[in-house]
Amino acid sequence: MSLLVARERPLTSPLVYTLIVLGGALLALLLGAVLMALWGVSPLQGYRELFMGMFGSAHSISESLLKATPLIIISLGIAIAFSASAWNIGAEGQFYMGALAATACALVFSQAPGYLLWPLTLIVAMVVGGIWAALAGYLRARYGINEIIVTVMLNYIAMYFVQYMLASPLRETQARGVGYPQTDVIPQTIWLPRLAPGLRLHVGFLLAVALVFVVYMLLRHTTLGYRLRAVGYNWRAARHAGIGVSNALIWAMGLSGALAGLAGQLEVTGVHRRLLWGISPGYGFLAIVVTLLGNRHPFGIFIAAILLAALDFGAQTMQRGTGVPVALVHTIQYLMVILVVGGGVLRTHRLTLFDPLFRRREA
Amino acid sequence: MNPEIILHAGIATGTVLLFAAIGEVLAERAGILNLGVEGMMLLGAMAGFKMSLASGNPWLGVLVAVAAAGVLSLAHGLVSIHFQADQVVSGLSLTFLGTGLALVFGEGLTGKSPPLIPNLDIPLLSSIPFIGPVFFDDHSILVYFGYLLAPLTWYYIHKTRPGMHLRAVGEKPEAADTLGINVYRLRYFYTFLGGCLAGLAGVAISLSVSPGWYSAQTTSGQGWIAIGLVIFAQWNPINAALGAYLFGAVRRAILDLQGPRTLFGFTNPLFINSNWGFFLQMAPYLLTILALIIGSRAAMRRRLGAPAALGVPYIRGERGL
């Protein structure tokens, strides 16, 4: 095991990180090419189809940004939790709970005017999503229970709950026979306007862009953000400084869940106009990848979300064109993260081959 | 609702969690937190299924499953041992990577039926009343292996010299290093072993307990439950095994509750509205959270805790704590 040794060096610069990200992404694409070749498809042709699917036309750009919208918002939430060193792996469940709450609220108060109903559904979605995540924050603060496992478990619980609601109380009233698990269409008064005729991209994307700056300001220039970061850096020191560590954890998780719930509300009012099973093709999980790739920084997240969303959409075009399964692109995405994360060591460590300290000692 | 049948099936179902949890106990005892269990299990389930289908020999499937998950775990080893990256990040990426690979190569496996791992009876033991039919009758060989694995692992960790080295590496790697124990090598080894056992858990699902390939639904979060179980079990393999069987029985009881028309003389509420079954399905996940709460309280009371160096990369040549 003396082959490779990492030793700390006090050298960090943004340039190094950029190079690591680019290098990791490139290496992942190369490994993806190998996988494509194994699948029996020319990597060049595969990547051409992939790129055309990502940004090749107004339609594909619109679809890529449409997919990026929930990813940006959810990832910002995960970054908030992370600033207090808490992991929110349960965004998928919080997203579904938020979407469910928004839909239920819209269907119950369908007679209310749109300018009241839309904000109401937004608030309800954020509160429900926030509580769902804050539960894990509470258990961590109160009992010291690992929030990762709790949020994963809450995911499954939320999924079964949504399935129940779609199968019974909120089931589409006009459903014929077995039917697809979905609700009725929400009132047209709260449909979000689309940005261009013929394209599905809606104003929610602009909200996501605004949120990037809001979250940046929140974390960098507010007391709450300062407290969260203080707890994240060193909770003992934060406690001595009089910061309520438990409250900070619960707030961090709660805000994180609120953003996931918000993304769910946007997906309902902006894209599908109803809640349906499968409304999220794993946004909550992909958002973790986005957050890691974006180095947990709002601006980084913005870029990473658009890249990964475009890859996701382009993958469908590629599958139609070349028969390469969509899951292969997912593998490329995950390889990217593991390489970028693993490569992160280069920021703080110098790697040496055959280090003398690790030679077998003479007995 | 025959208790013998539920317990029998619960033991079989619990064996999956047992392998995954004991694998994680070994890795965590060496100081490596591997959150990639779900991904490794899914990869194992897919690889074993595919190999058994291709070769017609389920044992080759088991071998390939174990090897595939073991190799995948080495990626986590490299990133977290040599590169000293955040083990949470690396483990999560491993879950995604394993899931992604399993789904790519598992394309088109749904609905296929490869040869499965055979079931067998243990002579003599299977004729003991109640105990025989539950524990020693018509189980897959993996179940019997599970009976041996838990006590053997306990004995290994607590009573043998290599087991002491394992604990040292997880509790105080600097001290272990000064005694000439190769910290890096042992951490790789137990990460790999944990991966192998996760692969075994995966293939136990797809080739024995609930045969078939249902993409990500094949494991349905059991890898995460296993990680929770390790904390609940306080890093003790015997406790982990008992917890695994308990979860197995619960999982099984959920299925059996949906069948009969009457329960204990009353009309089965699931016959009035079958959608209530969704709430029943939440049980294992709720139970995991409950187990974590109970486990954390027990740990506080008895002042027990995780291995001291769990999740902390060891950097040779740096001053210890």
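Note on naming: letters A, B, ... go to the chains in the order of the sequence lines (proteins, then strands), and numbering restarts at 1 for each one.
- Ranked by heavy-atom pairs under 4.5 Å with chain B, the list L328(A), I157(A), L292(A) is led by I157(A).
- Residue T95(B) holds its OG1 atom at 9.0 Å from CG of L72(B), rounded to the nearest 0.5 Å.
- Within residues 81-94 of chain A, the residues having any heavy atom less than 4.5 Å from a heavy atom of chain B are, in residue-number order, W87(A), I89(A).
- By a heavy-atom distance cut of under 4.5 Å, S220(B), G221(B) are the residues of residues 215-222 of chain B near chain A, going up by number.
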Step by step, work out the side chain to side chain contact (heavy atoms under 4.5 Å, CB included) result for I227(B) and V152(A).
CA-CA 11 Å; I227(B) 298 172; V152(A) 171; over 6 Å; no
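- The aromatic rings of W277(A) and Y96(A) sit tilted, their planes meeting at an angle between 30° and 60°.
- Residues A30(B) and Y190(B) come closest through the heavy atom pair CB-CB, 3.9 Å.
- Of the listed residues D86(B), V79(B), L97(B), L103(B), the one with more heavy-atom pairs under 4.5 angstrom with chain A than any other is L97(B).
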Would F96(B) and H330(A) count as a ring-ring contact (aromatic ring centres under 6.0 Å, His included) here? Give the steps.
CA-CA 8 Å; F96(B) 292 134; H330(A) 293 168; over 10 Å; no
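- Both the backbone and the side chain of L286(B) come within contact range of chain A, each with at least one heavy atom under 4.5 Å from a heavy atom of that chain.
- Interface remark: Q281(B) contributes backbone and side-chain atoms alike to the contact with chain A (heavy atom separation under 4.5 Å).
- Contact between L280(B) and P284(B) at its shortest, heavy atoms only, is O-CD, 4.2 Å.
- Residues L17(B) and A226(B) approach most closely at CD2-N, 3.9 Å, considering heavy atoms.
- Residue contact with chain A, scored on non-hydrogen atoms closer than 4.5 Å, involves the backbone and the side chain of V104(B) alike.
- Interface remark: I148(A) contributes side-chain atoms only to the contact with chain B (heavy atom separation under 4.5 Å).
- A distance of 7.5 Å separates OG1 in T331(A) from CZ in F105(B), rounded to the nearest 0.5 Å.
- Considering every non-hydrogen atom in both S75(A) and I301(A), the closest pair reads CB-CG2, 3.4 Å.
- Of the listed residues (F161(A), Y156(A), Y143(A), W39(A)), the greatest number of heavy-atom pairs within a distance under 4.5 Å of chain B belongs to Y156(A).
- Both the backbone and the side chain of I225(B) come within contact range of chain A, judged by heavy atoms closer than 4.5 Å.
- Between D177(B) and Y314(B), the side chains place a donor N or O and an acceptor N or O closer than 3.5 Å (distance only, hydrogens not considered).
- Of all heavy-atom pairs spanning P307(B) and R29(B), the tightest one is CG-CA, 3.9 Å.
- Proximity to chain B (any heavy atom under 4.5 Å) is shown, for L335(A), by both the backbone and the side chain.
- Between Y164(A) and F279(B), the distance from one ring center to the other falls under 6.0 angstrom.
- Residues L166(A) and R171(A) form no side-chain contact, since every pair of their non-hydrogen atoms from C-beta on lies 4.5 Å or further apart.
- Counted by atom type alone, Q333(A) and D312(A) present one or more donor-acceptor pairs between their side chains at under 3.5 Å.
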